[in-house]
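A quick write-up on the structure given underneath.
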There are 2 protein chains.
Amino acid sequence: MNSRELLKQHIFKTITLTDEQFDYFFSHFTPLSFKKGQTIISEGDEVDCEYFVVSGCLKAFFINDDIKMYILQFAMPTWWTSDYNALYSHSRATINVDCITDAEVLCLKSADREKLCAEIHPIEHFFRWRTNRGYVASQKRLLSFMNNDAKKRYEELLALYPELYNLVPKHLIAAYLGITRETLSRLYNNR
Amino acid sequence: MNSRELLKQHIFKTITLTDEQFDYFFSHFTPLSFKKGQTIISEGDEVDCEYFVVSGCLKAFFINDDIKMYILQFAMPTWWTSDYNALYSHSRATINVDCITDAEVLCLKSADREKLCAEIHPIEHFFRWRTNRGYVASQKRLLSFMNNDAKKRYEELLALYPELYNLVPKHLIAAYLGITRETLSRLYNNR
DNA sequence: CCTTCGATGTGATGTATGTCACATAATTAC
DNA sequence: GTAATTATGTGACATACATCACATCGAAGG
């Protein structure tokens with residue numbers, strides 16, 4: 001499926017637009033291709049875009065003062081990603097986004113998102129529901145952090161996204177779970 | 001300030017409505033009063049409202065199988081709360097909401113929120129931005145969980161909401177931080 | 001006023017996870 | 001194809017936090 005169809009099917013799960021409306025909507029996206037390891041957003045950047053993943057896998061991550069990495073989100077096809085804190089508050093990026101695999105994305109400028117939301121009411125509806133779902137997912141992950149130990153969180157992650165097991169290196173899974181790679185290795189080798 | 005003015009000032013930080021539009025908007029809210037300790041949402045309930053806090057302090061919390069409590073959110077005046085997972089997915093409540101102090105709230109039915117969002121475009125805009133901010137706050141809290149130890153999270157919480165220190169018993173602060181009351185006691189007594 | 005119960009403090013001890021060190025396997029770069 | 005780099009496994013030990021037990025203190029209710 002091409003990127004236009006993928007985006008169309010994705011947003012049509014929430015809203016419907018006329019063909020002209022969708023064409024207009026789609027005309028604001030810029031397709032971009034990246035190679036494995038390439039950086040999309042670096043800490044300190046001005047952030048004015050968000051990204052809809054068409055193929056491949058991205059990660060959004062934070063690096064702390066001890067150079068330890070924590071992964072906020074793996075972004076797979078039909079997921080959206082950016083540094084939303086920076087994007088919404090017009091501040092500099094504090095998180096990074098890069099490519100775990102070769103990837104194709106559609107880039108949407110924040111100013112264009114706002115323009116589209118103002119011009120076409122259903123588009124605002126779509127973005128409201130996208131964030132509603134993201135908020136609930138984030139709360140669930142927070143609860144899982146408080147309630148479950150690392151082993152349970154690992155099993156939950158693999159149950160929810162089995163494709164990650166072969167797609168992303170284990171030290172990145174550990175960085176998502178908030179544990180060290182050593183601990184993760186011991187968990188699934190039962191040591 | 002009365003509840004109508006509080007809500008008006010709150011939403012006018014994001015959007016503007018005509019007087020008639022705001023009157024219409026406000027007419028969908030039901031004022032409710034609760035006493036300290038009263039329950040607003042219990043696990044297993046059907047959830048069809050969200051709540052705008054006018055006065056007092058609520059907590060939204062999860063109880064796990066070992067009857068340990070984890071607090072997702074303290075809700076102070078101008079905050080919104082509910083079990084958003086249940087509310088958005090039309091499922092039964094898995095989290096509880098109750099009153100830490102006597103409280104007044106404005107209740108908005110989910111069906112009315114959707115109706116208002118469909119009828120008045122700026123209202124959809126308001127709710128989109130409310131959730132955008134909630135999503136970013138939730139991501140920040142997640143990062144803090146992964147990156148900081150309990151002491152740092154405690155200091156962060158008090159820096160962000162100093163009023164909680166005197167308002168909320170310490171075992172609830174602990175339940176928000178995801179630690180036991182004993183550990184919290186040791187943290188601030190440096191033992 | 002007295003009783004009860006919830007909130008808090010603190011010691012002793014257990015456990016999950018982190019840290020550091022080192023070995024080896026798998027990829028990537030030249 | 002070889003060297004360099006990155007990913008992974010594992011042992012020894014350190015540490016943050018949990019658990020359990022018990023004491024104290026203060027607020028709420030009859």
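Residue numbers begin at 1 in each chain, while the letters A, B, ... track the order of the sequences.
Rounded to an integer number of Å, the gap from CD1 of Ile67(A) to P of dC20(C) is 13 Å. Computed from coordinates, the Lys35(A) NZ to dT27(C) C1' distance equals 17 Å when rounded to whole Å. For the pair Asn166(A) CG and dA26(C) P, the computed distance is 15 Å after rounding to whole Å. Summarising the geometry, the separation between OH on Tyr165(A) and C1' on dT8(D) is reported as 12 Å, rounded to the nearest angstrom.
Phosphate contact (OP1/OP2 of dT8(C), side-chain N/O of Tyr188(B), threshold under 4.0 Å): absent. For dT8(D), one of the phosphate oxygens OP1 or OP2 lies less than 4.0 angstrom from a side-chain nitrogen or oxygen of His171(A).
Electrostatic pairing of Glu50(B) and Arg130(B) counts as a salt bridge here, judged by a charged N lying under 4.0 Å from a carboxylate O. Of the charged side-chain nitrogens involved, none lies within less than 4.0 Å of a carboxylate oxygen, so that Asp102(A) and Lys36(A) do not count as a salt-bridged pair.
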- Note on the structure: The contact string for nucleotides 15-30 of chain D, one letter per nucleotide 5' to 3', using protein heavy atoms under 4.0 Å with B, S and - for base, sugar-phosphate only and none, comes out as --SSBBB---------
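Residues Ser144(B) and Lys140(B) have side chains not in contact (no heavy-atom distance under 4.5 Å, counting atoms from C-beta outward).
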- Would Ser138(A) and Arg141(A) satisfy side chain to side chain donor-acceptor pair (under 3.5 Å), going step by step from the backbone distance to the final call? CA-CA 5 Å; Ser138(A) 180; Arg141(A) 189 168 164 207; over 6 Å; no
- Step by step, would you call Glu104(A) with Ser3(A) a side chain to side chain donor-acceptor pair (under 3.5 Å)? CA-CA 9 Å; Glu104(A) 296 171 292; Ser3(A) 61; over 6 Å; no
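Aromatic rings from Tyr176(B) and Phe74(B) are positioned such that their centres are separated by under 6.0 Å.
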